[in-house]
Structures are given as C-alpha cells and as structure tokens.
Amino acid sequence: SRPQLRSKIRLLAVMLSPVKVPRLSVFLLTPVAFWSCSRTVHATGPQFDAAVTAQGDTDLGSCTCTPVSKGWRVLDDLRALRKFGAAESHPLGVVRQALTRVDLEARQWLSQKMESEAGLVAHMDGIGTTIAVRKGTIGGDRGVPLVLLGSHSDTQPEGGWLDGALGVIYALEAARALAEADCPGRWAVVNWSDEEGRFGTVVGSASFVGQDRVVRKDEFLDARKEAGLAATPLLRHDNSSLGPLHAYFEAHIEQGKRLEDARQQIAVVTSIVGLWQYSVTFEGQQNHAGTTPMAVRRDAGLTAMRFAVALDDKFKELCQGRETVWTFGRLDLQPGSHSIVPGKAVLTVQFRDTDAAQLHLMEHSLHDLASRFRKDAVVANSVAIRIGPRGGIEPASMAPELQALAELAAEKVAPGNWSRMHSGAVHDASNLARVVRSAMIFVPSIDGVSHNFNENTADEDIVAGAAVYMQAAFDMVLSSLGDACHAERRKLD
C-alpha cells in the first residue's frame, strides 16, 4: 500500500544518516537487517503477535522470540487501575492527582504487576516517578542501550480513566509480552509523576532530563515529605545505573477529534507543540463601584479585558493558515467583589505551536501590544502593565527513524487506517526528546473529550493501539541490539 511504501522509503532514508544516541554515535540499524551482526529478522502476525528469528555471530547469541500482546489483558488492567481514585459521581471519572494517597497506592499496585508479571525491578524516586527495569540482559548490563516505555498514571482534579494510564498499561503489556517470549534486549517501564501539573509542568519527566519545572515549591515539598520521599534521590537520565538510552516510546489518547473525524484508529505523532505562558499584571486603583465616575476610574479589570481582545486580534492576523492556538485561561480580579472597581487584574496568556520561531513572533506581539497600551494617554495615566517571565516548554520533534517503525506497525495492524499528526497537547515525550530519540502514537478520543469525567475510547481502538504499540516497541528493542552490536564491532576494529 502507499502508506506502507512511504514508511519504508522514510526508514531507508534514515538508515543512511548518522544518529546521535547518548554515549554512542552510530548508524541506525533497522530491524529489517542488522548487517553488522549478520542478523536476519522477520515480523509476522501484525495484530496480536510478532515474531523474530535471529541468528548472530556476536556474543549476543542467537534467539527466537514471539511476543504476544493480549488485548483482553490490557482492558482488564485499565479497568482495574480505574478503581484507584474512581469518582463516585461518574462511572468513568478518576481523581488521582500526583503524590496523593490514592496516586501512591496506584503506583504501588502497578509496580507490583511490573515485578511479578513482567520480570522487572521497580524503584520509585524522590519525585514519585517509578521506573521498572528488566532484571537480566543479553550481552551484559551496559552493553545494550535501554528502551524506555511508558507514560503517567496521575490525573487532573477531574480526570478521565485513560489520560496517561493507557500509555502505562500499554508499556506494561509490551514488557510482559517481551518477557514471556524471552526476547533479548533491555527495556524498562516508566510511570512519570505529576505530568498533569499539580505542582508544575510535566514535573517528573522534566526532573529526569535535569530540569526543575516545579512552580508550587512549598506545596511540593510538603507532599514529598508526607509521601515519605523527602530523602529519596531523584532519577536522572544520565544515572549510571540505567546505562545508555536507546529510545523512549509513549502511547496516549489523542485528546482531540482529528482521528475520530477521519474514522482512523491510530496516529503516529510527528512533533509536539511548544507551550509558552505568561502572567500579565494590570494595576490600577480599587474604588467604589457606585460612586466612582467612569471617566476617572483606574479599572485594572476592564483594561485586562481590552488587552485580551486586542491581543486576540493580533494573533489572528499573525497566525493565519497555521494550526497555532492561544488561550486566555484565567483572569483574576482583586479584590473580586461585584461592588468594587478592580484595583488589580492578572491575565494568563498561553499559546502553542510546533515552530519555535512562530512562538517568538507571538511573544514579540505580546510585548509590543503592552508597549502600545502603556503609551495610550488614557491607560498610561490609570493602569500599569507588567509582563512576567515566560513559562512552559519548547516544541519537540519525534525521531524520524522511530516514526517509521511506528508507521510500519500501524500499517500492519490497521492497514490504511492511520495517519501522521502533531500533538497539540504537551506530553512527557516533550522532555524525553531532549535527551533520547522519542516517539509517540495516539488512539482516538470519543467526541474529542479529555480532562473530563466523560473521557473514553472504544475498546476495539484500545486493543488495536496496544497491538501497534507492541509491534513498534518490539522493533525498537531489536534496533537497540543493532546499536550494541555496532558499538562492539567498533571496539574490536
């Protein structure tokens, strides 16, 4: 088919290009042929099984493995996980915020399954992130780069049962299937902490790549202490106990309607938007709403509203033809009484795009509009405007060679029923892409609803996604063995 041919052409292209890997600089070797290891690989049974027959002349040895993804097991685990923090008012709703008692209970339950069913060794770091690494390896603990599989299990204050949880269970299922088939390689399942922003922005995975994204620090420190994690070290990507990293692979619900509208089951993510956010403060004079004439009011709230409307107009002009989005998500008025002219207003401005250059243009427009307001005769004499420092996260591109593997898996499971798209939501893969080749896939969200008790995905789409994830994860593990072989040969040379 055309999609499959396109994927093979893209995969061939990346095979010919050098790829940077932490601690290694190698040429990507695909699962199709590991020439440096004299390995021959075959993949069969796209939906619920994948087989590899490998014969090698290196110390990795020869092996035959057939990992099998079981859709019923994925659904059972997702429904069991849903019980941790299940909302009393809704059959699908979940309230499981990071570092709460129920969040820690869910993480403990997941860790026990990772150890007892997938043969992994689980460890929770000081931020609540759990990583479970395969006990044994082929070719030595440090000789084979690690493939990270996972997502997050914490939720929004009123969250759905699949946001994040789907990716953790897919990763658990892939690790179980690989272990049950006694496949070679090194893999780990990771359950990131606080992706949903209770304390900051994608906090757990940011910490893993060496960034501090905690905003509510006092609250965060109190939560760590209450969870008994205050003295526990934080996990870092360059931690010697993990060894070199080969890839990170995450699955997620789309949280939009593009797949559903196209009647497709799978999306291979090409990039993840950057999210830049600002607090714009307006300071005027608090006064009586009944006795202060309109002409002399120093109304911070009304000025903030006019500023938002003017900025919206500028962004519409600047972003024509793009998929850029922007949001005025919060307006805090002080003191917030119906009979008081607000003396202070704080407006939150957020915008997202996959291109950093576009984000810079929007940031310039924001500051330019603030300058124009300050020069306006009426505003200048009544309200002061101050823009706070930028917060958020940069855009991230998914690795082309891993996209190609995901595309081949999607074509095997759902021929012609998949597409490529960027992610309008920020994910843990946004952070991981800074330090390791990363990839993502999406499954449809019914009615495009997420961050909502009504969040849901059809069972058949969940099962299809699990099959695609299993196949692509399997291929990534095989490609990690190719890297190890190539590195070993370079030593011998």
Side-chain angles (χ1 to χ4, degrees), residues 81 84-85 94-112 114 121-133 148 150-159 163-165 167-168 188-242 248 250 275-279 281 329-330 332 334 346 348 350 388-394 425-432 434-435 451:
L81 180 56
F84 291 90
V94 177
V95 180
R96 195 170 57 232
Q97 288 190 276
L99 293 184
T100 58
R101 177 186 57 80
V102 71
D103 172 58
L104 295 170
E105 290 175 352
R107 290 175 184 276
Q108 181 63 29
W109 178 78
L110 285 164
S111 294
Q112 289 172 351
M114 292 172 193
V121 178
H123 168 76
M124 181 178 289
D125 83 344
I127 217 164
T129 291
T130 303
I131 186 164
V133 185
L148 278 175
S151 189
H152 64 95
S153 63
D154 63 294
T155 74
Q156 288 284 327
E158 291 190 1
D163 180 356
V168 175
V189 175
V190 61
N191 182 7
W192 304 110
S193 182
D194 197 23
E195 191 272 356
E196 295 292 3
R198 181 185 176 193
F199 305 109
T201 305
V202 281
V203 169
S205 56
S207 175
F208 181 74
V209 303
Q211 297 180 355
D212 183 359
R213 294 254 178 78
V214 176
V215 176
R216 290 167 285 282
K217 294 188 181 294
D218 289 341
E219 184 182 348
F220 174 65
L221 292 174
D222 289 343
R224 282 187 67 190
K225 183 177 180 180
E226 187 174 344
L229 298 174
T232 305
L234 303 181
L235 182 69
R236 303 294 192 200
H237 73 93
D238 52 1
N239 188 320
S240 60
S241 67
L242 293 179
Y248 172 69
E250 181 174 0
L275 180 159
W276 290 7
Q277 184 166 298
Y278 310 79
S279 289
T281 301
R330 185 166 182 169
D332 293 327
Q334 296 180 15
V346 181
T348 299
Q350 181 193 100
R390 177 206 304 165
I393 190 168
E394 297 298 314
V426 170
H427 298 285
D428 290 305
S430 304
N431 287 323
L432 271 293
R434 318 289 174 213
V435 299
H451 288 187

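In this chain, numbering begins with 1 at the start of the sequence shown.
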What's the spacing between [X] [atom1] and [Y] [atom2] if we round to 0.5 Å?
X: Arg107; Y: Trp192; atom1: CZ; atom2: CH2; answer: 11.0 Å
X: Thr232; Y: Leu235; atom1: OG1; atom2: CG; answer: 12.0 Å
X: Ser151; Y: Asp163; atom1: OG; atom2: CG; answer: 7.5 Å
X: His237; Y: Phe208; atom1: NE2; atom2: CZ; answer: 7.0 Å
X: Gln108; Y: Asp103; atom1: CD; atom2: CG; answer: 12.0 Å
X: Ser207; Y: Ile127; atom1: OG; atom2: CD1; answer: 4.0 Å

Does [X] have any side-chain contact (heavy atoms from CB on, under 4.5 Å) partners at least two apart in sequence or in another chain, and if so, which?
X: Gln350; result: Leu275, Gln277, Arg352
X: Leu104; result: Leu99, Met124, Ala227
X: Ala429; result: Tyr248, Glu250, Ile272, Met398, Met440
X: Asp212; result: Val214, Lys217

Take atom [atom1] in [X]; do more than 12 heavy atoms of anything else shown fall under 6.0 Å from it?
X: Gln334; atom1: CD; answer: yes
X: Gln112; atom1: CD; answer: yes
X: Arg101; atom1: CZ; answer: no

Task: Residue pair Ser205 / Asp428, side-chain donor-acceptor N/O under 3.5 Å - done: yes
Minimum heavy-atom separation for [X] and [Y], please, with both atom names.
X: Arg213; Y: Ala206; answer: CG-CB, 3.4 Å
X: Gly128; Y: Ser193; answer: C-CB, 3.5 Å
X: Asp194; Y: Gly200; answer: OD2-N, 3.7 Å

How about [X] and [Y]: do any of their side-chain heavy atoms sit closer than 4.5 Å?
X: Leu81; Y: Leu110; value: yes
X: Asn191; Y: Ile131; value: no
X: Arg198; Y: Thr100; value: yes

- [ ] Using the test salt bridge (charged side-chain N to carboxylate O under 4.0 Å, His left out), find all partners of Arg390 that sit at least two apart in sequence or belong to another chain.
- [x] Glu363, Glu394
Open item on the list: Check Arg330 with Asp332, please: is the shortest side-chain N to carboxylate O separation under 4.0 Å?
Closed with: yes
TODO: Show your reasoning for whether side-chain contact (heavy atoms from CB on, under 4.5 Å) applies to Ser430 and Val202.
DONE: CA-CA 9 Å; Ser430 304; Val202 281; 5.9 Å; no
TODO: Check the pair Arg434 / Ile393 against side-chain contact (heavy atoms from CB on, under 4.5 Å), numbers first and verdict last.
DONE: CA-CA 11 Å; Arg434 318 289 174 213; Ile393 190 168; 3.7 Å; yes
Can any side-chain N or O of [X] pair as donor or acceptor with the backbone N or O of [Y] at less than 3.5 Å?
X: Ser279; Y: Gly388; answer: no
X: Asp125; Y: Pro233; answer: no
X: Arg96; Y: Ala106; answer: no
X: Gln97; Y: Asp154; answer: no

TODO: Run the numbers on Val94 and Glu158 for side-chain contact (heavy atoms from CB on, under 4.5 Å), then give the verdict.
DONE: CA-CA 7 Å; Val94 177; Glu158 291 190 1; over 6 Å; no
Task: Partner residues of His152 under the ring pair (Phe, Tyr, Trp, His ring centres under 6.0 Å) criterion, sequence neighbours left out - done: His252
